[in-house]
Each structure stands twice: as structure tokens, then as C-alpha cells.
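Scroll down for the structure; my scribbles are underneath it.
Below, all heavy atoms of this structure are taken into account, side chains as well, without hydrogens, waters or symmetry copies. A note on names: the letters A, B, ... follow the listed sequences, proteins ahead of strands, and every chain is numbered from 1.
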Protein chains: 2
Amino acid sequence: MIFQIDFKAGKPVYLQLVDQIRYAAAAGRLRPGEPLPSIRPLAEELRVNRNTIAKAYAELESQGVIETLPGKGCFLKVNSSPFTKPVRDKLLLTEIDEAVVMAHHLQIGRDKFLALVQERLDYFERKSTQHDSAE
Amino acid sequence: MIFQIDFKAGKPVYLQLVDQIRYAAAAGRLRPGEPLPSIRPLAEELRVNRNTIAKAYAELESQGVIETLPGKGCFLKVNSSPFTKPVRDKLLLTEIDEAVVMAHHLQIGRDKFLALVQERLDYFERKSTQHDSAE
DNA sequence: CCTACTGTCCTACAGTGCTAGGACAGCAAA
DNA sequence: TTTGCTGTCCTAGCACTGTAGGACAGTAGG
């Protein structure tokens with residue numbers, strides 16, 4: 001797992017990490033049960049404070065993406081999503097609406113939008129069903 | 001145009017406004033060329049400073065959603081999106097990926113995801129093709 | 001011209017959010 | 001037990017961002 005931090009991106013480092021780990025999990029580059037890099041070495045590698053990494057991991061844990069075993073480390077959760085069904089639906093709906101509203105203002109039509117969605121679904125599906133994450 | 005500001009939402013007031021106006025434009029509740037509420041009266045109605053409204057409008061203008069005619073007011077743009085095609089594609093792709101990654105972590109499958117997307121596309125399409133925005 | 005409206009620039013202040021370092025707690029192997 | 005790893009809590013500094021008020025510029029109508 002290599003992460004790319006952009007210090008002049010404006011976006012907080014810990015949120016960049018959160019996004020990248022969520023993305024990696026969805027793409028199958030991180031598999032359920034797999035350990036995440038431990039905090040101190042990763043902090044040193046990325047040249048940030050340990051608490052910055054810890055904050056990212058804490059955020060991911062609150063989202064139900066990872067879990068922490070005291071003294072052992074952090075691991076990608078097997079059964080993600082601690083939220084109830086209505087909450088999950090609402091979370092996803094918000095995300096979808098943002099994309100639809102964005103498409104409207106970018107003057108991207110329904111057909112192209114749906115094509116893009118299917119393309120991305122295919123992309124993640126394909127990657128996450130590869131047995132070895134050779135890439 | 002009535003806007004709902006939630007002061008204890010954590011989200012900045014001016015961003016709440018930006019979202020609501022973008023949403024309203026996509027849903028056809030605001031039509032191209034239509035004037036937005038002028039800054040001072042809206043500020044008074046929402047009990048915030050004029051600059052808070054002004055900041056929202058400035059943000060919307062930078063996104064190409066509205067335009068300002070000096071001394072006359074702000075109006076919803078007719079031809080939105082000042083961005084080049086590759087930039088627009090990238091912006092939308094980012095938004096779509098976020099939704100797809102979200103769906104993965106919420107354990108919402110491809111079929112349900114696609115159904116939700118179509119439902120929302122229908123929703124906005126229907127509203128924006130109604131001639132009078134009665135609602 | 002003058003008034004009343006439109007949005008804008010400048011400055012300032014308070015709150016918060018990001019990052020950082022020290023000290024502490026849980027687990028495992030020597 | 002001791003050592004070396006794991007993550008965590010506490011505190012602090014620093015910057016940035018959100019909000020606010022004063023003064024200014026462009027337009028329309030009396």
C-alpha cells in the first residue's frame with residue numbers, strides 16, 4: 001500500500017488518506033481482514049505526525065471501514081457499514097444527488113451520465129474480483 | 001425561493017446556500033435567466049451578514065452557475081459550465097467515483113445502485129420539464 | 001442630480017480545525 | 001519481566017476559514 005499525499009492540495013492530509021483507503025478498499029487493493037500499515041512507520045514515510053495518521057484511522061473506524069485490535073493494529077473490516085438500512089440509503093442518496101446535480105451543471109446528459117456510471121461500476125467490480133491484486 | 005439554513009448543522013451557511021441553489025437549478029425550481037434574491041434582503045431574512053450571501057454568490061459565479069450584472073443583480077446562467085470538456089468529465093467522474101465507493105462500503109449492490117441513479121435522474125428530469133414550478 | 005437599489009472590496013475578529021510532541025495503555029516475544 | 005511494537009489521550013500552537021461591519025462603485029428611476 002503506497003499512498004500519495006499532496007501537501008499543496010488544500011485538502012487536509014488525514015482526509016486524503018481516508019479517501020485513498022476507502023477507494024483502495026472498494027477497488028479490492030485492500031482486502032477484508034488485511035492489516036493496514038501501522039501508524040508510526042506510515043507517518044514517517046509520509047513525513048507527517050503520527051496523530052495525523054491516527055486521525056485518519058479513527059475517522060475510518062467511525063465509518064465502519066476498519067477496526068482496531070488493541071495492541072495489534074488496524075484491519076480492514078469484513079462486514080462494513082455499522083449503519084441501519086434507512087441511514088445507508090440516505091447516505092448513498094445524498095452522494096448520488098450530488099453527482100446528478102453536478103452533471104446538470106456540467107451539461108452532461110442522461111445517457112452519457114449512465115454510461116459513465118456503468119463504466120465505473122465495471123471498473124471497481126473488475127478490480128475487486130481479481131484474486132491477486134497484480135497491478 | 002425559500003432557503004432553509006441550519007445553524008447547528010456544522011456546515012458553513014454560505015455552503016448550505018450554494019448547495020441549495022445548485023440543487024434548485026437542477027430541479028428546475030430556478031430557471032435560466034431568472035434573478036436570484038438580492039443580497040441584502042436575503043441576508044436579513046436568513047439573519048446572516050450580507051457578506052455571507054455574497055460569498056455564496058461569488059462561489060456560484062466561479063462555478064459558472066450564476067452571473068452578476070453590475071448594479072442589476074445576480075441571475076441564473078443560461079449556458080452553465082465555463083470548463084473545458086476534459087475538465088468537466090474529470091469533475092463528474094470524481095463525483096461518480098465517490099458515490100460508487102460509498103455504495104461499496106454501505107454494501108449496496110450494483111442493481112440497487114443503478115436503480116437509485118435512474119430514480120434520481122427521473123426525479124430531476126421530471127421536475128425540470130414542468131413548465132410552472134408548482135410545488 | 002439625487003436617491004435607492006444592486007454587488008464588491010477591505011479590514012477585523014472569533015472560532016475551529018489541522019498538525020504536532022509528550023506521556024500512557026495493551027499485546028507479544030525474548 | 002523486559003523490550004519493542006501496537007494504538008490513544010492530552011495539550012498546545014498555528015493557520016485558516018467563516019462571519020461581520022464600514023466604505024465604495026455601478027445602475028435605474030424620480
Side-chain angles (χ1 to χ4, degrees), chain A residues 1 3-22 25 30 33-78 82, chain B residues 1 3-22 25 30 33-78 82:
Chain A
M1 287 289 349
F3 299 108
Q4 281 301 341
I5 299 303
D6 181 359
F7 288 98
K8 56 187 187 307
K11 192 167 191 173
V13 173
Y14 85 98
L15 282 183
Q16 293 186 42
L17 252 187
V18 167
D19 284 349
Q20 289 186 36
I21 292 172
R22 284 175 64 88
L30 264 175
E34 195 172 328
L36 277 76
S38 32
I39 289 182
R40 281 159 225 259
L42 181 55
E44 194 174 355
E45 184 186 330
L46 300 181
R47 309 285 191 141
V48 293
N49 190 273
R50 351 171 208 116
N51 286 330
T52 302
I53 312 290
K55 186 167 190 176
Y57 284 8
E59 173 66 22
L60 286 165
E61 182 157 33
S62 84
Q63 292 177 7
V65 175
I66 69 175
E67 64 186 336
T68 302
L69 304 187
K72 304 185 102 177
C74 294
F75 303 83
L76 196 61
K77 254 199 167 181
V78 182
Chain B
M1 288 289 349
F3 298 108
Q4 283 299 343
I5 300 303
D6 182 359
F7 288 98
K8 52 187 189 311
K11 192 168 192 172
V13 173
Y14 85 100
L15 282 183
Q16 293 185 41
L17 253 186
V18 168
D19 283 349
Q20 289 184 36
I21 291 172
R22 283 174 66 88
L30 264 175
E34 194 172 330
L36 277 76
S38 32
I39 290 183
R40 281 161 226 259
L42 182 55
E44 195 174 354
E45 184 187 332
L46 299 180
R47 310 284 192 139
V48 293
N49 190 273
R50 352 165 208 121
N51 286 330
T52 302
I53 312 291
K55 186 165 189 177
Y57 284 9
E59 172 66 23
L60 286 164
E61 183 158 33
S62 84
Q63 293 177 5
V65 174
I66 70 176
E67 63 185 338
T68 301
L69 305 187
K72 305 182 102 177
C74 294
F75 303 84
L76 197 60
K77 255 200 167 179
V78 182

Strictly under 3.5 Å: I want the nitrogen or oxygen pairs between protein and nucleotides 9-13 of chain D, one per line.
residue, atom, partner, partner atom, Å
D:dC9, N4, A:Asn51, OD1, 3.1

Heteroatom pairs (N/O) under 3.5 angstrom, protein to nucleotides 25-28 of chain D:
residue, atom, partner, partner atom, Å
D:dA28, OP1, B:Lys72, NZ, 3.3

Give me, pair by pair, the N or O atoms of the protein and of nucleotides 12-15 of chain C that are less than 3.5 Å apart, along with how far apart they are.
none

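The phosphate of C:dG7 (OP1 or OP2) has no side-chain N or O of B:Thr68 nearer than 4.0 angstrom.
Of the candidates A:Glu45, A:Arg47, A:Gln16, A:Ile5 forms a side-chain contact (heavy atoms from CB on, under 4.5 Å) with just one, namely A:Gln16.
B:Lys11 is linked by a side chain to side chain donor-acceptor pair (under 3.5 Å) to B:Asp19, counting only residues two or more places apart in sequence or in another chain. For B:Glu34, the side chain to side chain contact (heavy atoms under 4.5 Å, CB included) test picks out B:Leu30, B:Arg31, with sequence neighbours left out. In this structure, the side chain to side chain contact (heavy atoms under 4.5 Å, CB included) partners of B:Pro12, at least two apart in sequence or on a different chain, are B:Tyr14, B:Leu15.
Distance CG/B:Leu42 to CG/B:Leu17: 6.0 Å, rounded to 0.5 Å. One distance of note links CD of B:Gln4 with CG of B:Leu46; it measures 8.5 Å at 0.5 Å rounding.
If you take CG of A:Asn49 and P of C:dA20, they are 5 Å apart, rounded to a whole angstrom. Following rounding to the nearest Å, B:Ile39 (CD1) and C:dT6 (C1') show an atom-to-atom distance of 8 Å. One can place CG of A:Leu36 at 13 Å from C1' of D:dG7, the figure rounded to the nearest angstrom. Atom-to-atom, CG of A:Leu42 to P of C:dT19 comes out at 13 Å; the value is rounded to the nearest Å.
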Enumerate, atom names and distances included, each donor-acceptor pair closer than 3.5 Å involving a side-chain atom of residues 52-69 of chain B, sequence neighbours excluded.
residue, atom, partner, partner atom, Å
B:Tyr57, OH, B:Pro37, O, 2.7
B:Glu59, OE2, B:Gln63, NE2, 2.8
B:Glu61, OE1, B:Thr68, OG1, 3.1
B:Glu61, OE2, B:Thr68, N, 3.2
B:Ser62, OG, B:Glu59, O, 2.9
B:Gln63, OE1, B:Arg22, NH1, 2.6

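Residues B:Asn51 and B:Asn49 come closest through the heavy atom pair N-OD1, 2.8 Å.
Using a 4.0 Å cut-off on heavy atoms, none of the residues of residues 9-18 of chain A approach DNA chain D. Residues of residues 52-64 of chain B having a heavy atom closer than 4.0 Å to DNA chain C: none are found.
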